[in-house]
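Atoms within each ligand, like the ligands themselves, are counted from 1 in listed order. This chain uses plain numbering: 1 for the first residue, then up along the sequence.
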Amino acid sequence: MHVFELARTLIDIESITDNEEGVGNYLYRYLDELAARFDGHAELIEVEPRRFNVFAQWGSPLVVTLSTHLDTVPPFFASREDEQHIWGRGACDTKGIIASMIKAVEAMLAAGERGFGLLFVVGEERTSAGAYRAAKSPRGSKYIINGEPTGNRLALGSKGSLRYEVVATGKMAHSAYPELGDSAIHKLIDVLADMRRIPLPVDALLGPSTLNIGTLSGGRAPNVVADEARADIMIRLVGDPSETKRALAAAAAGRAELREVIEIPALHLNSVDGIETTVVAFTTDIPAFGGQWGEPFLIGPGSIHVAHTLEERVPKQQLLEAVQIYQQMVQQLCKRESK
Ligand SMILES: [Zn+2]
């Protein structure tokens with residue numbers, strides 16, 4: 001099957017997060033057949049009932065794993081193609097990537113090369129459940145090439161994020177007698193003003209860390225001293241967040257409660273000779289793998305700007321190029337490992 005045909009076949013098997021079973025079974029049958037022909041091994045790894053990662057390996061030890069996710073965001077829409085693009089849900093995020101990775105593996109197998117694997121995981125678009133599960137059963141892989149749409153450029157890094165709920169509580173009173181109450185809103189705005197003055201780090205590659213106060217609510221009426229107020233803040237991380245966390249905690253201390261909602265670390269990734277580079281803002285499964293599948297790289301065909309839209313598509317030319325780039329990277333990393 002040609003890479004375009006394989007990409008369209010995968011797009012047409014709907015796999016919105018939680019419903020990856022159909023596409024997983026299709027890929028398992030495909031890779032099991034490829035494993036049988038080239039002395040490899042394919043398996044399904046259960047994440048939850050009816051949700052499986054798909055893994056296949058050719059040769060031992062496993063040096064490089066090509067990996068991406070099986071799930072897409074909603075809504076589903078079927079594939080179509082014109083001269084330049086393949087369209088459809090998952091075209092660039094990530095059915096086209098899966099097709100390019102498989103075609104790269106087929107070409108290397110036909111050339112007698114070994115020492116690589118494919119790992120397709122569920123749940124990236126929601127909780128990274130598949131990647132967390134995979135991190136618990138590593139196979140000794142030294143490098144993992146994670147596929148997300150980067151326009152076929154190797155991502156050297158991505159910003160992380162840190163989200164907090166800031167909650168202040170006080171005591172209601174008639175606003176004519178504020179000394180009888182304790183305004184949660186006044187405390188919260190003081191805390192937020194102090195937070196905005198915290199100097200945030202700047203990274204040479206990723207740029208500045210930034211803070212956004214995204215929501216603000218509280219109070220009951222103009223003539224009531226507010227007993228409750230809250231805000232949601234989000235910080236884009238560019239490096240080690242411990243200093244920022246300490247400063248935020250100090251700003252809140254004694255005046256508001258700081259509840260951490262989620263933290264995704266900033267990523268710094270390495271390059272490979274001869275492959276163009278970029279910096280991306282989106283997050284991936286890479287932190288969830290926790291280094292258990294080897295040193296991570298991030299590259300894939302297509303543009304993140306059309307992922308998650310109704311215009312989702314991937315340039316056919318980039319699918320073809322990705323088949324070559326994935327081979328080139330696997331070969332270089334295998335060489336690096338044998339030195
Ligand atoms: Zn993705």
Side-chain angles (χ1 to χ4, degrees), residues 3 6-8 10-20 22-24 27 47 51-55 65-77 79 85-102 104 118-135 144-161 262 264-267 269 278-290 293 296-315 318-319 322 325-326 329:
V3 63
L6 181 55
R8 286 194 61 176
L10 294 172
I11 291 168
D12 289 335
I13 306 171
E14 183 260 293
S15 65
I16 295 166
T17 312
D18 288 334
N19 191 37
E20 301 96 341
V23 79
L27 284 167
V47 179
R51 297 185 76 200
F52 298 86
N53 292 338
V54 184
F55 173 65
T65 305
L66 290 160
S67 178
T68 188
H69 57 92
L70 294 167
D71 61 321
T72 74
V73 295
F76 170 75
F77 55 103
S79 73
H85 293 95
I86 289 175
W87 303 70
R89 173 58 74 224
C92 68
D93 188 14
T94 58
K95 305 297 179 62
I97 294 172
I98 295 173
S100 294
M101 286 179 167
I102 290 176
L118 289 165
L119 174 65
F120 301 127
V121 300
V122 299
E124 188 273 344
E125 299 290 1
R126 289 279 192 78
T127 59
S128 289
Y132 281 114
R133 171 68 184 82
I144 183 165
I145 301 172
N146 192 240
E148 291 286 349
T150 65
N152 277 341
R153 280 176 295 197
L154 202 52
L156 293 182
S158 64
K159 286 190 183 182
S161 61
I262 192 167
I264 298 168
L267 274 183
L269 301 166
T278 185
V279 171
V280 299
F282 59 85
T283 57
T284 70
D285 267 339
I286 289 174
F289 282 115
W293 283 73
F297 295 89
L298 176 61
I299 187 167
S303 165
I304 196 70
H305 297 146
V306 295
H308 300 200
T309 74
L310 295 176
E311 307 297 312
E312 184 167 355
R313 61 191 180 273
V314 65
Q318 285 194 21
L319 288 181
I325 290 169
Y326 286 137
M329 286 189 65

> So, is Asp93 placed with an N/O/S atom under 2.8 Å from the Zn ion (ligand 1), counting both backbone and side chain?
Replying inline: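 Here the distance criterion (N, O or S atom, under 2.8 Å) is met by Asp93, so yes.
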> Does Glu125 bring an N, O or S atom to within less than 2.8 Å of the Zn ion (ligand 1)?
Replying inline: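 For Glu125, the answer is no, given that no N, O or S atom comes within less than 2.8 Å of the Zn ion (ligand 1).
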Using side-chain heavy atoms (C-beta onward) and a distance below 4.5 Å, is [X] in contact with [Y]?
X	Y	value
Thr68	Glu124	no
Thr72	Glu125	no
Arg51	Thr17	yes

> Out of Arg89, Lys95, His85, which residue meets the side-chain hydrogen bond (donor to acceptor under 3.5 Å, both in side chains) rule with Glu312?
Replying inline: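 The residue from Arg89, Lys95, His85 that satisfies side-chain hydrogen bond (donor to acceptor under 3.5 Å, both in side chains) with Glu312 turns out to be Arg89.
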> Glu148: which N/O/S atom is nearest the Zn ion (ligand 1)?
Replying inline: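 Output for this pair reads OE1.
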